[in-house]
Amino acid sequence: QVQLVESGGGLVQAGGSLRLSCAASGRTFSSSAMGWFRQAPGKERDVVAAIRRSGGITYYADSVKGRFTISRDNAKRTVYLQMNSLKPEDTAVYYCAAAPGVAVPVREYEYDYWGQGTQVTVSS
């Protein structure tokens, strides 16, 4: 079984940067596409970014393109989300997720494993 633990969330000012980390345990990490989701109050959990198992192909929601970068280090079993030029609209709980067997997972139901989430708050 895969366990995911997020870290790096916190309070930042608009325009600032924050780097989230997701540490994974289990033997299937390298064979799983990974993604970051976020859920703001009153909204559904939506994909922010996803990365293939190889790390060479990524997907980003239009709202974060050019500002966020997803990366992974399979040797460290860790996925990162570098967030730059943060906006108050980015405030949400961010979740790390794993999708074994799916090449390009974008929808929530395609992910089998989830972390508990980490709060990111961007002040004006």
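Side chains are part of it too, since the values below use all heavy atoms of this structure and drop only hydrogens, waters and symmetry mates.
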inquiry  = Could you check whether any side-chain heavy atom of F68 comes within less than 4.5 Å of a side-chain heavy atom of L86, counting everything from C-beta outward?
reply    = yes

Flag, side chain of T91 to backbone of V122, donor-acceptor distance under 3.5 Å = yes

R45 (side chain) donor-acceptor with V93 (main chain) under 3.5 angstrom = no

inquiry  = A side-chain contact here means heavy atoms from C-beta on lying under 4.5 Å apart; do K87 and R67 qualify?
reply    = yes

ask   = What's the shortest heavy-atom distance between R72 and R53, and which atoms?
value = NH1-CA, 3.2 Å

query = Looking at OG of S21 and CD of Q82, how far apart are the two atoms once the value is rounded to the nearest 0.5 Å?
reply = 9.5 Å

task = Considering non-hydrogen atoms only, spot the tightest contact between L4 and C96 and give its length.
result = CD1-O, 3.6 Å

inquiry  = Please determine whether side chain to side chain contact (heavy atoms under 4.5 Å, CB included) holds for the pair R38 and K43, giving the CA-CA distance in whole Å, both sets of side-chain angles, and the decisive distance to 0.1 Å.
reply    = CA-CA 9 Å; R38 68 184 181 185; K43 297 183 178 180; over 6 Å; no

query = Shortest non-hydrogen contact from L20 to M83?
reply = CG-CE, 3.6 Å

query = Which pair of heavy atoms, one from A92 and one from A40, lies closest together, and at what distance?
reply = CB-N, 3.8 Å

ask   = Counting N and O atoms only, with roles assigned by atom type, does the side chain of Q116 sit under 3.5 Å from a partner on the main chain of E6, one being a donor and the other an acceptor?
value = no

Shortest non-hydrogen separation from N74 to S30 and the atoms involved = CB-OG, 3.8 Å

query = Is there a path of hydrophobic side-chain contacts, each under 4.5 Å between heavy atoms of I, L, V, M, F, W or Y residues, that connects Y95 with V102?
reply = no

task = Using the test ring-ring contact (aromatic ring centres under 6.0 Å, His included), find all partners of F37 that sit at least two apart in sequence or belong to another chain.
result = Y111, W114

Reference residue L18; test side-chain contact (heavy atoms from CB on, under 4.5 Å); the match among V12, D90, N84 = V12

task = For R77 and G26, indicate whether the former's side chain and the latter's backbone hold a donor-acceptor pair under 3.5 Å.
result = yes

task = May I ask you to check whether over 12 heavy atoms, not counting those of Q119, lie within 6.0 Å of atom CD?
result = yes

key: Least distance between heavy atoms, A49 atom then Y60 atom   = CB-CD2, 3.6 Å

task = Kindly compute the distance separating OG1 (T69) from CG (L81), expressed to the nearest 0.5 Å.
result = 8.0 Å

request  = Give a yes or no on whether a salt bridge exists between K65 and D62, defined as a side-chain N under 4.0 angstrom from a carboxylate O.
outcome  = yes

message = Could you tell me if the side chain of Y80 sits less than 4.5 Å from the side chain of C22, heavy atoms only?
response = no

